[in-house]
Amino acid sequence: MVETSHNTVLHVADVHKTFGGLHALADVDLAFEEGTTHAIIGPNGAGKSTLLNVIVGKLAPSRGTVVLDGEVLTGKAPHEINQMGVARVFQTPEIFPELSIFDNVMAPAFAKRDGAFKMNMFMSMENEKDIAREAEEIIVDFGLDAMIHTHAGALSRGHKRRLELAMCLIQKPRILLLDEPTAGMSRHDTNTTIELLKKIKSTGMTKVIIEHDMHVVFSLADKVSVLAQGRIISEGAPDEVRADPKVQVAYLGEAEE
Amino acid sequence: MFSMPKKDAITFALFAIVVLSMPIWLSPFGASYPGLLQKFAIYALLAVGYNILFGLTGYLSFGHAAFLGVGSYAAVWSFKLLSMNPILAIAFAMVFSGIFALAIGYVSLRRSGIYFSILTLAFAQMSYKLAYSVLSPITHGENGLQLTLQDPRVIDLMFMERGVSLPTSSLFGIPMNGYEGFYFCAVILLIGFFIAQKITSSPFGMMLKGIKSNEDRMNYTGFNTKPYMLTAFVISGIYAGIAGGLLSVTDPLAGAERMQWTASGELVLMTILGGVGTLIGPVIGAWIIKYFENIFSAWNESILHNVFAFLPDNVEGIVVLISSKFVGEGWHLTLGLMFVLVVVFLPGGIMEGVRRIASWFSRRKDPTKDQEVTDPENMPKPSSKKGE
Ligand SMILES: Nc1ncnc2c1ncn2[C@@H]1O[C@H](COP(=O)(O)OP(=O)(O)OP(=O)(O)O)[C@@H](O)[C@H]1O
Ligand SMILES: [Mg+2]
């Protein structure tokens with residue numbers, strides 16, 4: 001079912017990104033609509049992660065802008081962009097390996113509640129009951145409660161991904177960017193993740209999901225854009241995109257072998 | 001604000017007992033004289049403060065001796081201009097080292113990793129050189145900054161006549177150069193330790209650990225890490241300033257050599273030797289280095305001859321010849337070896353050694369804990385609320 005609210009939250013406007021002579025992104029124009037799950041697919045090196053890097057402020061685009069709710073994100077620092085409601089799960093999990101799972105999940109909750117900086121050095125952690133409860137709940141939801149005091153570096157890759165997703169979701173972001181959230185997961189873990197993502201779909205959060213696994217794409221996405229060599233070559237509902245011969249040549253043929 | 005978790009409260013109580021009873025338990029080691037006791041307290045404070053930066057955030061400053069120096073000079077100036085009261089001197093030291101740390105931190109924290117370390121080193125060496133040249137009106141260059149009979153000492157002289165000899169610093173009549181001086185330093189060390197405990201267990205402390213663990217993730221999580229870093233830098237700079245101030249309180253003479261890079265390096269050694277990131281480790285590191293520095297650097301060949309007198313004469317000659325290279329002037333060789341051994345065999349410092357021994361004992365008592373649980377899937381469900 002395609003949701004048709006047609007209310008653009010995030011607009012990537014004519015973005016170019018070159019690395020030396022390489023056009024990692026060329027003329028990319030994407031509108032992400034409120035409450036939808038928008039998948040971006042494409043072969044390796046197509047520029048998918050680069051697109052997310054431009055959105056979160058890790059990379060400055062060579063040309064073009066990114067606009068969130070009418071406000072230009074381009075040029076802002078990563079923490080400002082996050083504070084405006086953009087959270088990201090990275091392709092290789094970015095967590096705090098030396099901290100416990102509990103602390104990993106609490107830190108983003110503090111950022112959400114207290115902003116980018118707060119001098120709370122004489123507050124005791126014991127008094128942060130609300131944040132602790134919130135973190136515990138989400139850790140239970142994600143099935144990580146058995147290891148709540150383990151340091152995150154000891155987790156398996158699949159668990160690290162799930163932890164990172166929990167870290168993003170505790171912030172209740174407006175936009176959730178997911179860079180291959182199921183890569184390297186077993187079929188079983190993939191399915192649990194799909195269920196989790198379906199559950200949060202009902203909260204009205206806007207999601208951008210980059211995925212190689214077509215099973216995931218077709219179970220979650222309302223809309224699919226196909227990126228190849230830095231360009232959008234096709235866009236539409238999942239079934240339309242699947243039927244597009246250009247896409248089959250560029251991508252689906254090789255992925256569904 | 002003064003409440004703390006039970007575990008921290010116990011640690012603090014034990015620490016206070018150990019520190020306050022130092023004059024007693026250090027006497028069998030020949031280390032129970034005021035001069036050395038004061039150094040134990042002062043350098044422990046320095047290490048505790050340094051650990052707030054290096055231990056929590058992982059940013060290695062190679063220039064903290066500069067703040068130690070600034071604190072020393074500020075304290076002596078407070079003696080010269082205002083009063084011999086040590087509390088005023090410490091307040092002076094805090095203000096000036098804080099301003100200094102703010103300026104140096106602001107610039108150095110534009111970079112991270114090795115570039116940050118080099119920037120702090122450059123600033124400290126610059127301060128050291130300037131103290132001998134351009135700034136000598138303030139620092140009195142190679143002579144060092146000392147008290148004189150002509151000092152204005154405005155506040156003190158409102159209440160008393162100028163004496164005929166140089167005054168000593170005193171807290172409302174209690175002189176600061178003997179055991180009383182040690183207890184003054186010890187109380188400040190305990191306050192500093194308490195504050196460091198609070199910071200470590202606060203949300204702020206957690207953010208600092210987050211920066212050490214993955215600074216990029218902190219940024220993408222919505223934290224502006226720069227002000228967190230700068231705050232940590234200034235706090236640890238102020239600790240160093242207080243330590244410097246205390247050096248002047250117990251002996252009112254400040255020299256630029258306190259700012260030299262070797263002094264910063266020694267602080268790094270103390271922290272790593274004891275255990276980076278732990279609260280107690282750096283303190284133990286500071287005590288060990290100061291103790292051996294005093295013992296070994298005072299030894300000479302004749303003492304060695306006495307120590308090895310039980311050996312046959314020709315063997316004794318060789319043993320003394322070799323070991324004499326490690327004492328006196330050569331004590332740094334011993335320090336270097338000690339450091340290499342610790343880094344190679346106990347990368348977590350002495351505290352890691354303590355942990356290993358403790359876990360070895362508990363394993364012998366409880367054979368079910370024989371294998372370490374490495375697979376988080378099989379971790380037993382924790383019963384405690386927060387097991388950090
Ligand atoms: N920081 C960078 N510097 C130079 N080249 C880069 C940089 N980041 C990405 N590239 C290049 O840009 C192109 C697109 O990379 P990107 O990581 O966006 O691909 P992707 O679509 O995410 O691929 P994958 O499916 O393998 O993750 C690649 O050719 C890559 O080598
Ligand atoms: Mg990628």
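Just so you know, these numbers use all the heavy atoms, side chains as well, and skip hydrogens, waters and symmetry mates.
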Shortest non-hydrogen contact from A/N120 toward B/S202: O-CB, 3.6 Å
Contacting moiety of A/M84, where chain B heavy atoms sit under 4.5 Å: neither
pair B/S213-A/P97: side-chain heavy atoms closer than 4.5 Å: yes
Atom pair NZ (B/K198) and CE (A/M121), whose distance is rounded to the nearest 0.5 Å: 12.5 Å
Atom pair OG/CE of A/S100 and B/M206 - distance to nearest 0.5 Å: 8.0 Å
Student check: side-chain heavy atoms of B/M218 and A/F96 closer than 4.5 Å: yes
Nearest-0.5 Å distance, OG of residue B/S201 to CE of residue A/M125: 8.5 Å
Backbone N/O of A/E94 and side chain of B/R217: donor-acceptor pair under 3.5 Å: yes
Which of A/K112, A/E164, A/H151 touches chain B most, by non-hydrogen pairs under 4.5 Å: A/E164
Interface residue of largest heavy-atom contact number with chain B, from A/V86, A/I81, A/N104, A/V56, under 4.5 Å: A/V56
Residues 230-239 of chain B: residues contacting chain A (heavy atom under 4.5 Å, by number): B/T231, B/I235
Non-hydrogen side-chain atoms of A/F110 and B/F223 separated by less than 4.5 Å: yes
Contact class of A/A107 relative to chain B, heavy atoms under 4.5 angstrom: both
Flag if over 12 foreign heavy atoms under 6.0 Å of OH, B/Y106: no
Heavy-atom proximity to chain B below 4.5 Å, by part of A/Q171: side chain
Heavy atoms from other residues, nucleotides or ligands near CE of B/M351 exceed 12 (cutoff 6.0 Å): yes
Top of B/N224, B/N214, B/I199 for chain A proximity - count of heavy-atom pairs under 4.5 angstrom: B/N224
CZ (A/R113) with more than 12 external heavy atoms under 6.0 Å: yes
Top of A/K118, A/M167, A/R88 for chain B proximity - count of heavy-atom pairs under 4.5 angstrom: A/K118
Smallest separation among heavy atoms of B/T221 and A/A111, with atom names: O-CB, 3.2 Å
Region of A/I131 in contact with chain B, defined by heavy-atom distances below 4.5 Å: neither
Partners passing ring pair (Phe, Tyr, Trp, His ring centres under 6.0 Å) against B/Y220 (at least two apart in sequence or in another chain): A/F90
